[in-house]
Protein chains: 2
Amino acid sequence: MENLDINKAAPLLKLLGDKTRLTMVKILDNHDCCVCEFVEIFKTSQSSVSQHLRKLRDLGLVQEERRGQWIFYSLQKESEYYSFIQQILNQLPSQDGKLKELEEQGLRITCC
Amino acid sequence: MENLDINKAAPLLKLLGDKTRLTMVKILDNHDCCVCEFVEIFKTSQSSVSQHLRKLRDLGLVQEERRGQWIFYSLQKESEYYSFIQQILNQLPSQDGKLKELEEQGLRITCC
DNA sequence: TGAATATATAAGCAAATCGTAATATACTTA
DNA sequence: TAAGTATATTACGATTTGCTTATATATTCA
């Protein structure tokens, strides 16, 4: 088991210590998502979603990739935090239901 | 592996997302400690240590026990968060060196 | 019992955080 | 190219956080 210095672990846990971001990361662990999907899922503003994703990206937890009109986010598997995070995500219940809801409403983006 | 609801996991991670508290919990995972030891370890005020411990106790992560003049804190192994936390602590480097320093300075409390 | 030690709590302040509203940028499509 | 859609950024206000200072409580010991 790799160790992560406390000076790095604490800010990481703080970042994940927000319900919205933690759910985002849990979802991204299984599916790429674009911003507008998160807006639907969390019933919040686009700005708020964008700012949360920025923080995740600033720490290198996620990466963005443009696909046409949309920008998709995915987990950065090469991150030094990746295996650490996995141990946490594995203990959280699946959030796939939230994506399933989107699909049923026809709001899931499946471009490209 | 037990699951922990996101509504509980997020505040827990937030609580652990502080370097002082995370280190405290890591230390407590192996050794009971009293407040004045933490004051030495973190080179901070007694009040600050006390307030951090209060937050950990409010969530049920630690418990206190008076031993004579001192109040010792230990991890609450019966906490619903305990196994979740273990997965995190296992990925952190040992902080025993900090206690060893105390011993060398003769500041480790070993009453009762 | 009085002084010293250990701990908890309350009040106040500066910094960080999170949401909203407004605006800017980039891409798509008619 | 103009309008519509998707996203990012900025500014701002309310709330939270963590520290310090001051004070209160509990225990020990001379």
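Lettering follows sequence order; numbering is per chain, from 1. Remember, predicted model here, so these are calculated numbers, not experimental data.
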If only side-chain N and O atoms of [X] are considered, is one of them under 4.0 Å from the OP1 or OP2 phosphate oxygen of [N]?
X       : N      : result
B:His52 : D:dC19 : yes
A:Ser45 : C:dC18 : no
B:Arg67 : D:dT27 : no
A:Ser50 : D:dT7  : no
A:Arg54 : D:dT9  : yes
A:Tyr73 : D:dA8  : yes

**Request:** Go through A:Asp29 and A:Ile85 one step at a time and tell me if the side-chain contact (heavy atoms from CB on, under 4.5 Å) criterion holds.
**Result:** CA-CA 10 Å; A:Asp29 195 28; A:Ile85 291 175; over 6 Å; no
**Message:** So for atom CD, which belongs to B:Glu2, do other residues, nucleotides or ligands contribute more than 12 heavy atoms lying within a distance under 6.0 Å?
**Reply:** no
Within this structure, what is the [atom1]-to-[atom2] distance between [X] and [N], rounded to whole angstrom?
X       : N      : atom1 : atom2 : result
B:Arg66 : D:dT28 : CZ    : C1'   : 10 Å
A:Phe38 : D:dA6  : CZ    : P     : 16 Å
B:Glu37 : C:dA6  : CD    : P     : 11 Å
B:Ile71 : D:dA26 : CD1   : P     : 11 Å
B:Gln69 : C:dT7  : CD    : C1'   : 10 Å
A:Leu53 : C:dC18 : CG    : P     : 13 Å
A:Gln51 : C:dT17 : CD    : C1'   : 10 Å
B:Lys55 : C:dA10 : NZ    : C1'   : 14 Å

**Complete:** Side-chain contact check for A:Ser48: nearest option of C:dG19, C:dA6, D:dT7 is C:dG19
**Prompt:** Which is true for A:Lys19 with a 4.0 Å heavy-atom rule: it touches a base, it touches only sugar-phosphate, or it touches nothing?
**Reply:** nothing
**Asked** Taking atom types as modelled, is there a side-chain donor on B:Asn30 or B:Gln95 under 3.5 Å from an acceptor on the other?
**Response** no
**Message:** Checking side-chain polar atoms at under 3.5 Å, does A:Gln87 have a donor or acceptor matched by the opposite partner on A:Ser83?
**Reply:** no
**Prompt:** Is the base of D:dT21 touched by the side chain of B:Ser47 through a donor-acceptor pair closer than 3.5 angstrom?
**Reply:** yes
**Request:** Record whether the side chain of B:Gln46 comes under 3.5 Å of the base of C:dT5 through a donor-acceptor pair of N or O atoms.
**Result:** no
**Message:** Can you work out whether A:Cys34 or A:Lys14 has the more 5'-proximal nearest nucleotide on DNA chain D?
**Reply:** A:Cys34
**Of A:Tyr73, A:Phe42, A:Phe72, A:Trp70, the residue whose pairing with A:Glu37 passes side chain to side chain contact (heavy atoms under 4.5 Å, CB included)** = A:Phe72
